[in-house]
Number of protein chains: 2
Amino acid sequence: MVYVMDGRILASDHGEDPATTNNRMEFTAMIHGLEMLGPAEEMDVYTDSQLVVNTLTQWAAGWKRNGWKRRDGEVKNLDLVRLAYELFLERPNVRIRWIKAHDGSLWNEYADALSTAYLRSEV
Amino acid sequence: MVYVMDGRILASDHGEDPATTNNRMEFTAMIHGLEMLGPAEEMDVYTDSQLVVNTLTQWAAGWKRNGWKRRDGEVKNLDLVRLAYELFLERPNVRIRWIKAHDGSLWNEYADALSTAYLRSEV
RNA sequence: CGACACCUGAUGAU
DNA sequence: ATCATCAGGTGTCG
């Protein structure tokens with residue numbers, strides 16, 4: 001996860017935690033990112049997890065309407081999903097964006113590419 | 001690749017071919033090695049490619065059963081994989097063994113270590 | 001069926 | 001130190 005505001009990289013989560021699942025990690029990173037922000041802040045938040053992007057921008061609305069149930073069973077990681085969605089709703093100026101996963105060793109160039117992408121899309 | 005029989009090194013492929021991928025090279029070397037052998041010959045064949053070892057001793061059986069498909073798409077280098085596997089099946093007394101890659105400059109000592117290892121494991 | 005990510009292991013090249 | 005080429009497994013959704 002990378003936090004971008006005004007074209008600058010604010011912070012990035014790049015930690016590794018073998019004690020939890022990858023998807024819980026992605027949601028947790030997103031939650032931390034959203035929590036850093038005030039409710040009116042304008043911010044792009046990039047994640048490489050399609051699961052997180054789709055959950056927040058498409059699926060969560062339907063799940064909430066439905067009593068937090070999926071078509072085929074229950075929603076996994078529901079605690080994190082609900083929390084992330086709440087935080088997301090409270091911050092209407094946040095844009096969640098997906099970006100292809102970086103290669104760990106090229107982190108600097110990756111971050112650079114991100115802020116460039118940000119500037120391009122915002123100008 | 002190194003061919004060992006009765007504790008003696010018979011031959012070794014140590015060529016380099018930049019026009020093909022490393023993995024195709026490993027398979028090709030293995031095929032050449034198997035082709036030198038009769039169907040009943042007892043032989044150790046060492047390769048430094050874990051890909052080749054696993055393919056022949058574990059994965060190919062499942063792929064064949066499955067119509068030569070992997071879980072996620074198709075099998076790469078399928079031509080070489082199938083050929084090598086056929087040759088391997090026809091030679092039940094061949095043992096495919098993995099050995100850590102040699103340092104090119106230590107080839108003699110490497111071959112020596114191999115035949116020593118062979119003698120040890122066979123006595 | 002499709003997509004994305006994460007983990008592990010191995011080799012090759014400069 | 002960084003590039004590419006290979007595999008198997010798990011977490012998740014439509």
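Lettering of chains follows the sequences in order, A, B, ..., and the numbering in each one begins at 1.
Shown here is B:E74, whose CD atom has no more than 12 heavy atoms of other residues, nucleotides or ligands within 6.0 Å.
Distance CD (B:E74) to P (C:G2): 12 Å, rounded to an integer number of Å. Spacing between atom CG of B:N22 and atom C1' of D:dC3 amounts to 12 Å, rounded to whole angstrom units. The CZ atom of B:F27 sits 9 Å away from the P atom of D:dC6 (whole-angstrom rounding). Atom CG in B:L56 sits about 13 Å away from atom P in D:dA7, given to the nearest Å. For the pair B:R24 CZ and C:U11 P, the computed distance is 21 Å after rounding to whole Å. For the pair A:L51 CG and D:dG11 P, the computed distance is 13 Å after rounding to whole Å.
When the nearest nucleotides of DNA chain D are assigned to B:N23 and A:V75 by heavy-atom distance, the more 5′-ward of the two goes with B:N23.
Picking from D:dA7, C:A3, C:A5 the nucleotide with the shortest atom distance to the side chain of A:Q50 gives C:A3. Checking D:dT12, C:A3, C:A5 against the side-chain heavy atoms of A:T21 singles out D:dT12 as nearest. Of the candidates D:dA7, C:U11, C:A5, C:A5 carries the atom nearest the A:W98 side chain, counting heavy atoms from C-beta on. The side chain of A:K76 sits closest to D:dC13 out of C:A5, D:dC13, D:dA7. Across D:dC13, C:C6, D:dT12, the shortest atom-to-atom separation from the side chain of A:R70 is found for D:dC13.
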